[in-house]
Every structure is written in C-alpha cells, then in structure tokens.
Amino acid sequence: MTVSEFWTALETVYGSVYGRSLVGDLYLPKLGGTAEQALKQGVEPHVIWDELIRETDMGDDARWIYRQVSQSRS
C-alpha cells in the first residue's frame, strides 16, 4: 500500500471529512499515537491502515478496499 492508496482507501471507506478526522484524532494503541503521527514517523501505510480498520471494527471488506480501488483504476 502506498501513501496515496492509503488516502484513497480512507476516503472510500470513511468519507473525506470523517476519515481525515480519524487520522488526526483517533489514538491507535499499537502504534502509540494517531495515524497522522505514524505517517510522519515513517510507519508503513498498510500497518497504519490495518490498525485503523481494527480499531474501528470495519472488517475485512474495508481492510482490502485499497486493492479493489487500485484495480478499478487500471
């Protein structure tokens, strides 16, 4: 997962406003901070995405949405 795929998946699953709010505000215990902080620290986007999906109980359909979105653009 690239950073751009992360942002696309975020908007697809959560919507742009709520998604950006989650990235900046939701504390992800396994990462020790927010998704925004983790991105700035260089944590792989797929690791952040997995934790965001897990913390929000979105399930596997949402977890793999970035693969579906990137395939539809090909």
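Just so you know, these numbers come straight off a predicted model, no measurement behind them. For the single chain, residues carry numbers from 1 onward in sequence order.
Atom CG of Asp61 is surrounded by 12 or fewer heavy atoms from other residues, nucleotides or ligands within 6.0 Å. Atom OH of Tyr27 has more than 12 neighbouring heavy atoms from other residues, nucleotides or ligands inside a 6.0 Å radius.
Side-chain contact check for Thr34 versus Leu26: every heavy-atom pair is 4.5 Å or farther apart. Within the 4.5 Å cutoff, the side chain of Glu55 has heavy atoms near those of the Pro29 side chain.
With rounding to the nearest 0.5 Å, the separation of CD1 in Ile53 from CH2 in Trp64 is 10.5 Å. With rounding to the nearest 0.5 angstrom, the CD atom of Glu44 is 10.5 Å from the OG1 atom of Thr2. Atom-to-atom distance recorded for Thr12:OG1 and Trp7:CH2 is 13.0 Å, nearest 0.5 angstrom.
At a threshold of 4.5 Å between side-chain heavy atoms, the hydrophobic network of Ile, Leu, Val, Met, Phe, Trp and Tyr places Met58 and Leu31 in one connected group.
Between the side chain of Gln41 and the backbone N or O of Ala38, no donor-acceptor pair lies under 3.5 Å. Here the side chain of Ser21 pairs no donor or acceptor atom with the backbone of Val17 at under 3.5 angstrom.
Using a 4.0 Å cut-off between charged side-chain N and carboxylate O, Arg20 and Glu11 make a salt bridge.
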Intermediate values then yes/no, side-chain contact (heavy atoms from CB on, under 4.5 Å), Val13 and Tyr18 = CA-CA 10 Å; Val13 172; Tyr18 182 58; over 6 Å; no
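Of all non-hydrogen atoms in Ile48 and Ala35, the two that sit nearest each other are CG2-CB, 3.4 Å. Met1 and Glu5 make their closest contact through CA-OE1, 3.1 Å (heavy atoms, listed as atom of the first residue, atom of the second, distance). Of all non-hydrogen atoms in Pro45 and Val3, the two that sit nearest each other are CG-CG2, 3.8 Å.
Side-chain atoms of Tyr14 and Thr56 include a donor-acceptor pair closer than 3.5 Å.
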